[in-house]
Amino acid sequence: MKIIHVVLLASVKYILTLPYAMIIGLEYKQALIAVLIGGIGGFLFFYYLSKRAIQIYHKIRPYIYTLIPRQQKTENWKFVQDNTNQQKKRRKIFSKRNRLIARFRKTYGFWGIIVTTPVFLTIPVGAFLANKYYSRRRFLVLYMILSIIGWAGVLSGFIHLFPRIFF
């Protein structure tokens with residue numbers, strides 16, 4: 001039961017799982033294998049789930065847009081006058097979250113998402129961002145799996161350097 005719990009936790013919040021598994025009393029090999037299976041399995045699950053969710057969203061987006069009241073549409077879109085033809089152009093107003101994602105993508109890009117997903121972004125968020133922005137990259141899934149394995153090695157080294165914390 002502990003192993004299943006560790007696998008499910010690793011599929012969502014990867015960085016906390018290996019120390020947690022050691023604290024709850026799993027053996028080192030069991031904990032490491034459970035964390036790797038959970039991290040890789042969670043990434044694959046959320047990557048392909050987000051792929052399907054994005055496809056469904058693009059199909060139903062026009063229908064959802066027709067259901068939104070006109071006043072709500074104008075509140076979310078700022079209309080600007082064009083000086084040449086006096087036609088209205090739509091310009092999207094960015095939220096703080098959208099700005100943060102855009103800044104992160106511009107600054108760190110593909111490799112930033114690959115490296116930071118297991119540690120900072122969490123597996124579901126990293127899988128969604130990788131799928132949304134870089135799904136056409138050839139070895140995306142392989143690089144993410146290698147990143148998950150690499151971070152398991154870093155966490156494992158941390159546990160071996162400071163064994164009194166976990167044993």
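All values below were derived from every heavy atom in this structure, side-chain atoms included, with hydrogens, water molecules and symmetry-related copies excluded. All of these numbers come straight from a predicted model, not from anything done at the bench.
- The same ILVMFWY cluster, assembled from side-chain heavy atoms under 4.5 Å apart, contains both I145 and F45.
- Annotation for F128 and S50: closest pair CD1-CB, 3.7 Å, computed over non-hydrogen atoms.
- Of all the heavy atoms in M22 and I159, the pair that sits closest is CG-CD1, 3.8 Å.
- In plain terms, the two heavy atoms of Y20 and H5 that are nearest each other are OH-CE1, 2.9 Å.
- Criterion: ILVMFWY side-chain heavy atoms under 4.5 Å apart, direct or through other members. Under it, L146 and F110 are part of a common hydrophobic cluster.
- Side-chain contact check for I123 versus V12: every heavy-atom pair is 4.5 Å or farther apart.
- Within the 4.5 Å cutoff, no side-chain heavy atoms of L155 are placed close to those of L32.
- Note on L49: it does not cluster hydrophobically with Y57, by side-chain heavy-atom contacts below 4.5 Å among ILVMFWY residues.
- In terms of heavy-atom proximity, A10 sits nearest to T17 at CA-OG1, 3.3 Å.
- For OH of Y48, the number of neighbouring non-hydrogen atoms (other residues, nucleotides, ligands) closer than 6.0 Å is 12 at most.
- Surrounding NZ of K13 are more than 12 heavy atoms belonging to other residues, nucleotides or ligands, all under 6.0 Å away.
- Within a 6.0 Å sphere centred on CG of L142, other residues, nucleotides and ligands contribute more than 12 heavy atoms.
- K2 places a side-chain N or O within 3.5 Å of a backbone atom of I24 that can act as its donor or acceptor partner.
- When the shell of 6.0 Å around OH of Y108 is examined, it contains 12 or fewer heavy atoms from other residues, nucleotides or ligands.
- In this structure, the separation between CD1 on I40 and OG on S147 is 10.5 Å, given to the nearest 0.5 Å.
- Looking at T117, its side chain never comes within 3.5 Å of a backbone N or O of I114 through a donor-acceptor pair.
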For a side-chain contact (heavy atoms from CB on, under 4.5 Å) check, start with the C-alpha distance between V35 and I148, then their side-chain angles and the critical distance, and finish with the verdict. CA-CA 9 Å; V35 167; I148 290 169; over 6 Å; no
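- Rounding to the nearest 0.5 Å gives a distance of 9.0 Å between CD1 of I113 and CG of L140.
- Of the possible polar contacts, none joining the W151 side chain to the T116 backbone as a donor-acceptor pair under 3.5 Å is found.
- When all heavy atoms of L36 and A152 are compared, the pair lying nearest together is CD2-CB, 3.6 Å.
- Here the side chain of T122 pairs no donor or acceptor atom with the backbone of P118 at under 3.5 angstrom.
- Inter-residue side-chain proximity for Q30 and E27 is flagged as met; some heavy-atom pair is nearer than 4.5 Å.
- The aromatic rings of W111 and Y143 are tilted relative to each other, their planes meeting at an angle between 30° and 60°.
- Summarising the geometry of A130 relative to Y47, their closest heavy-atom pair is C-CE1, 4.4 Å, with the distance given to 0.1 Å.
- Tracing side-chain contacts under 4.5 Å through hydrophobic residues (I, L, V, M, F, W, Y), one never reaches Y14 starting from L8; they form parts of separate clusters.
- When atom types are taken as modelled, the side chain of S135 and the backbone of K132 share no donor-acceptor pair closer than 3.5 angstrom.
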As a quick check of understanding, evaluate side-chain contact (heavy atoms from CB on, under 4.5 Å) for F46 and N131, giving each step before the final call. CA-CA 9 Å; F46 288 113; N131 190 2; over 6 Å; no
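- Taking hydrophobic clusters as Ile, Leu, Val, Met, Phe, Trp and Tyr residues chained together by side-chain heavy-atom distances below 4.5 Å, L161 shares a cluster with F158.
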With side-chain contact (heavy atoms from CB on, under 4.5 Å) as the criterion, how do V141 and L44 come out once you've worked through the C-alpha distance, each side chain's angles and the decisive distance to 0.1 Å? CA-CA 8 Å; V141 175; L44 293 174; 3.6 Å; yes
